[in-house]
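Have a look at the structure below, then the notes.
A, B, ... follow the sequence lines: proteins, then strands. Residue 1 opens every chain.
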Amino acid sequence: MQLVLTVNGTTYEVEARPTARLLDVLRDQLGLTGTKEGCAEGECGACTVIVDGRAVDSCMMLAVQARGKEILTVEGLAQDGELDVLQQKFVEYGAVQCGYCTPGMLMSAKALLMGNPVPSEQDIRVALAGNLCRCTGYTAIVAAVKAASGQDTRPLMEMPVEPGELAAEAVTDPDTLAAACGIVEAETGQPPGGPCSSGGSSEMLGFHSAPEGGE
Amino acid sequence: MTEDLQYVGGNYPVHDVAQKVTGELVYGSDFSVPGMLHAKLILSTIPHGVVKRIDTSRAEALPGVIKVFSHENAPMDGFSRARIHPGQDMSFYDETLFSEHVRFVGDRVAAVVATSRATAEKAAALVEIEYEELPAVLTVDEALAPDAPAIHDGGNLLFEHEIEKGERPDLEGAVVVSSCVSTPRIHHAALEPHVCVAQGHSTGGMTVWTTSQGVYAARTVIAELLGLEYHRVRVIKLPMGGSFGGKTEYIIEPVCAFLAHATRRAVKLLLDREECMIATMVRPATRTTVRTACTPDGRLLDFGAASTLDSGGFAASTPDYSIHMCKKVTKIYRVPHYRHEGRVVYTNTPVGGAARGWGAPEMIAASEVHMDRVAAALRLDPVELRLKNMVEPHDTDLVTGLPLGDARVRECLERGSVAFDWAARRARPAGRGRIRRGVGVAAGAHKNGMYGAFPEASNASLKMNEDGTFVLNASLHDTGCGVVTTMRVIVAEVLGVHPDLVAAGEADTATTPFDYGTYGSRVTYVVGECARIVAEKVKDRLLTAAADLLQEPVERLGVADGAVHVRDDRERAIAYRDIARLSQMRHVPSIAASTTYYAVSNPASYSVQFAEVEVDCATGLVAVTDFLAVADVGRAINRGMVEAQYQGAVQMGIGYALYEHLDVDEKGRAGVDGFKNYHIVNAPDMPDVQVLLVEHEGDDGPFGAKSVGEIATVPTAAAVVNAVNNALGTELGDLPLTPERIIAALHGEEVAACSSC
């Protein structure tokens with residue numbers, strides 16, 4: 001059957017089986033695999049998305065029930081490359097380990113903050129009661145949600161450094177470089193290029209956001 | 001203790017955190033290959049029997065179904081799901097890809113391969129299987145009965161072992177205490193289900209992508225089953241949504257690999273939650289009786305234990321698991337004489353095997369609940385009794401004969417007692433009303449790798465790029481708790497660069513060097529030390545290259561902030577990228593090193609944990625209201641994640657103590673099929689767990705670091721059980737302490753000791 005869904009602000013026309021769950025359409029047809037499946041029975045919360053402002057287990061909702069509704073998934077949280085404050089605080093508070101529950105946790109927390117901008121700790125714990133986590137014991141997750149609502153709780157993790165940000169930190173002393181270039185020239189019989197031709201420490205070149213072998 | 005560390009001891013999120021919070025990270029369950037087929041398992045519905053007939057005609061007639069596989073058309077060679085290397089002793093080849101003789105509800109009978117998951121599921125329901133039922137044995141006692149039906153050739157007593165160390169002192173006048181504790185089967189409950197994708201190539205080789213804790217071992221098992229040379233099987237570790245030991249052994253990888261090899265296609269095998277619960281592996285159920293003798297003032301003279309472990313339908317790793325139960329108590333207490341006998345028994349129940357702690361949470365539940373009985377018998381405070389008996393740093397483990405290293409368990413207990421305000425809290429009355437309050441303590445011990453029992457070593461290479469960044473090449477298996485970050489921090493510390501300038505990938509048998517994987521609390525202690533040493537080697541090469549360029553002897557040089565400098569003239573510095581580029585012109589194309597590190601020790605890691613509980617006598621429900629975990633970690637490489645991992649470990653331990661169990665009914669069916677009837681602790685029921693780290697650098701791990709992930713959950717359940725017994729004045733010892741059991745105990749009902757095993 002033909003369905004029109006609005007997901008993260010984009011309208012999609014999809015052909016879906018009448019029995020397809022919202023989760024299936026998001027993952028298999030729209031390629032939005034950030035929404036996870038952990039139990040298929042609405043108990044673990046890994047598949048939580050926001051439908052018209054409410055947190056919903058997308059494994060328990062037929063895709064057809066989402067017709068014409070506004071759906072927000074984890075992929076829609078960041079805006080223009082800027083992390084949502086919740087995502088930011090999950091990073092800063094070490095609320096992520098294996099991360100499989102994280103998208104669902106974020107969406108439940110997002111729905112909470114949309115309706116209750118300054119929740120108590122108990123409000124947060126209850127809002128996350130349907131999101132299971134086996135890694136964290138919830139402490140860091142609750143702290144992150146608190147912090148996202150402007151209630152700072154405890155010291156933060158160091159944020160990962162933006163690619164390129166560290167590039168200029170390592171400094172070569174110009175005199176030392178000149179002497180080193182002289183040694184290389186004497187050894188090889190050729191004037192060295194690279195750092196020696198630019199008259200100072202080389203710029204960081206070729207440092208990409210995906211470290212080799214790392215991601 | 002070295003205090004001038006720049007990066008070690010900081011707080012770093014897991015390496016792929018940005019991809020995790022945006023939903024971008026491709027986990028095993030998200031992974032796909034073009035043209036990929038999907039497989040669905042068909043599991044035994046009876047606990048014991050023989051498959052008489054399989055009719056696949058209706059299933060195979062369904063459009064989109066490729067083929068149905070079973071014992072009739074698959075290799076029937078036995079394999080060991082737990083084998084780490086091909087020559088390994090204690091490997092039991094009692095399992096086949098598909099069973100003709102089914103041994104538990106959940107045993108693999110067949111698999112459907114189809115073009116979509118929905119079709120595979122539909123077809124699986126159309127496969128007709130006829131069984132000849134055999135009598136089933138569902139408990140270890142039934143299995144050991146003289147006329148019990150044999151689950152495997154050779155009988156149901158899979159393995160027996162006995163250890164006796166030290167000399168039995170004169171026990172005259174000694175106070176003798178006996179106890180029995182049983183622990184349940186539990187589901188690991190990694191949020192991501194088990195998943196594997198395998199691609200059979202037209203060349204006859206294959207690639208396997210899996211969320212495993214050890215790709216090299218998976219490769220040997222797969223290659224041998226399929227008759228392939230090892231180099232034709234490439235196994236790649238994918239990001240995984242948790243493991244907790246449940247993905248340590250090779251359960252679905254061999255099956256998925258076979259399906260892909262047989263069809264010469266790519267096949268994805270993704271289990272659902274019920275399949276994960278009954279058809280993969282559980283923490284094995286155990287029952288342990290302990291009998292101790294001590295002096296009237298509380299010094300242990302003799303410690304005797306007898307444990308029985310329920311292996312379920314296959315051996316998996318349970319014999320080794322059971323042996324490790326004998327190696328815990330003497331890491332914590334000085335005991336003149338220790339005796340332990342263990343039995344491992346097949347039953348027609350889900351397979352027991354690797355689980356976080358490898359026998360330690362089970363044994364520590366028995367021994368630490370017992371210690372509270374001893375304290376009660378002697379009218380001693382539980383902390384006082386433990387302090388009278390605890391080992392000192394550099395004692396030798398009576399059982400293993402290995403040095404315990406800089407063992408700080410006593411310091412954990414002393415500092416924890418103060419931080420928790422133990423004496424005052426313990427002195428507070430439990431109350432006489434509906435809500436009773438109590439506190440409990442327990443000490444746990446675990447290991448650091450496999451040295452002493454196993455050829456423990458690791459390999460790593462490290463290279464510097466021409467821009468001064470680094471790439472570590474090691475077979476890392478991050479289960480989600482930050483192994484990759486740990487390695488980056490270690491390398492960064494040695495080389496004086498920010499950890500974000502060090503890249504590290506995960507294991508791939510085609511490209512990363514041999515390593516056993518994430519087992520046995522070995523990664524930080526062994527692989528981490530290997531990473532530290534290879535970084536030292538690269539640093540030596542960097543300094544040598546810089547010495548030529550600076551015309552200074554190496555001894556005068558130091559590293560910091562991505563540059564080599566002259567120590568007494570720090571202005572004279574040359575950045576790594578300039579060293580790299582100038583060195584290339586001098587025919588030093590790459591500053592890199594490789595190393596093999598052989599472990600030299602296996603000290604104990606410790607945790608002492610304190611729980612406060614409130615028990616509702618009307619409902620039998622227990623609330624854990626406060627919790628302190630004290631951790632002898634040697635050195636926290638990544639402080640924030642050590643604390644976070646401890647907090648999660650306590651969640652697992654509280655569940656073990658109070659809620660989680662996977663029992664089978666009289667027909668061998670699990671009483672659970674999902675999280676709706678298998679309760680793991682959720683956010684409202686978790687206390688804010690406080691973590692106190694005891695740090696030092698007396699051992700051989702990187703910067704003194706010791707293991708964290710397993711030890712963290714070892715004493716949790718015992719601390720909670722002791723707190724409940726303190727609140728109620730009971731001697732509960734059958735875990736979990738469900739409301740039914742608590743109410744029965746409060747009503748003074750006779751509760752059969754160790755009834756659940």
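Ranked by heavy-atom pairs under 4.5 Å with chain A, the list Ala560(B), Gly480(B), Ser583(B) is led by Gly480(B). By number of non-hydrogen pairs under 4.5 angstrom with chain A, the leading residue of Gly242(B), Pro193(B), Ala573(B) is Ala573(B). When each of Val96(A), Asn131(A), Leu86(A), Thr102(A) is checked for heavy-atom pairs under 4.5 Å with chain B, Val96(A) comes out on top. Highest contact tally toward chain A, considering only Gly655(B), Gly562(B), Gly241(B), is held by Gly241(B) [criterion: heavy-atom pairs under 4.5 Å]. Between chain A and the options Tyr12(B), Phe675(B), Tyr576(B), heavy-atom pairs under 4.5 Å are most frequent for Phe675(B). Counting heavy-atom pairs closer than 4.5 Å to chain B, the top residue among Gly34(A), Gly137(A), Pro192(A) is Gly137(A). When each of Glu466(B), Gln551(B), His498(B) is scored by its heavy-atom pairs under 4.5 Å with chain A, the top score falls to His498(B). With chain A as partner, the option from Met585(B), His188(B), Arg572(B), Glu192(B) having the largest number of non-hydrogen pairs under 4.5 angstrom is Glu192(B).
Closest approach of Met686(B) to Arg125(A), counting heavy atoms only: O-NH1, 3.1 Å. Heavy-atom minimum distance, Tyr27(B) versus Cys98(A): OH-O, 2.7 Å. Residue Arg134(A) comes nearest to Leu191(B) through the heavy atom pair N-CD2, 4.1 Å, listed as atom of the first residue, atom of the second, then distance. For the pair Thr136(A) and Gln647(B), the tightest heavy-atom approach, listed with the atom from each and the gap, is O-CB, 3.3 Å. Between Ile574(B) and Ala180(A), the closest heavy-atom pair is CD1-CB, 4.1 Å. Here the shortest heavy-atom pairing between Thr176(A) and Glu571(B) reads OG1-O, 4.5 Å.
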Subject >> Residues Glu185(A), Arg586(B); criterion salt bridge (Lys or Arg N to Asp or Glu O under 4.0 Å); working and verdict >> reply: CA-CA 9 Å; Glu185(A) 184 168 359; Arg586(B) 301 178 60 235; over 6 Å; no
**OP:** Please assess Tyr100(A) against Ser29(B) for the test side chain to side chain donor-acceptor pair (under 3.5 Å), listing each intermediate value before the final yes or no.
**Re:** CA-CA 10 Å; Tyr100(A) 201 78; Ser29(B) 52; 3.2 Å; yes
**OP:** Please test His679(B) against Glu43(A) for side chain to side chain donor-acceptor pair (under 3.5 Å), starting from the C-alpha separation and ending with a verdict.
**Re:** CA-CA 10 Å; His679(B) 182 62; Glu43(A) 290 288 336; over 6 Å; no
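Between Val91(A) and Lys20(B) the shortest side-chain heavy-atom distance does not fall below 4.5 Å. With a 4.5 Å cut-off on side-chain heavy atoms, Leu77(A) and Thr22(B) do not count as touching. Put simply, the side chain of Glu24(B) does not reach to within 4.5 Å of the side chain of Glu75(A), judged on heavy atoms. When side chains are defined from C-beta on, Phe90(A) does not count as touching Pro13(B), because their heavy atoms never get closer than 4.5 Å.
Contacts of Ala40(A) with chain B are absent, with no heavy-atom separation under 4.5 Å from either backbone or side chain. Only the backbone of Asp561(B) comes within contact range of chain A, judged by heavy atoms closer than 4.5 Å. Only the side chain of Glu187(A) comes within contact range of chain B, with at least one heavy atom under 4.5 Å from a heavy atom of that chain. Only the backbone of Leu25(B) comes within less than 4.5 Å of a heavy atom of chain A; no side-chain atom from C-beta onward does. Interface remark: Tyr138(A) contributes side-chain atoms only to the contact with chain B (heavy atom separation under 4.5 Å). Of the atoms belonging to Leu132(A), heavy atoms from both backbone and side chain fall under 4.5 Å from chain B.
Here the CE atom belonging to Met652(B) is positioned 10.0 Å from the SG atom belonging to Cys135(A), to the nearest 0.5 angstrom. Expressed to the nearest 0.5 Å, how far CG of Asp173(A) lies from CG of Asp578(B) amounts to 11.0 Å.
Ionic pairing of Glu37(A) and Arg117(B) is not present here: no N-O contact between side-chain nitrogen and carboxylate oxygen is shorter than 4.0 angstrom. Salt bridge status for Arg273(B) with Glu41(A): absent, with no side-chain N to carboxylate O gap under 4.0 Å.
One N or O on the side chain of Arg577(B) and one on the backbone of Ala170(A) form a donor-acceptor pair closer than 3.5 Å. No donor-acceptor pair under 3.5 Å is formed between the side chain of Gln97(A) and the backbone N or O of Val14(B).
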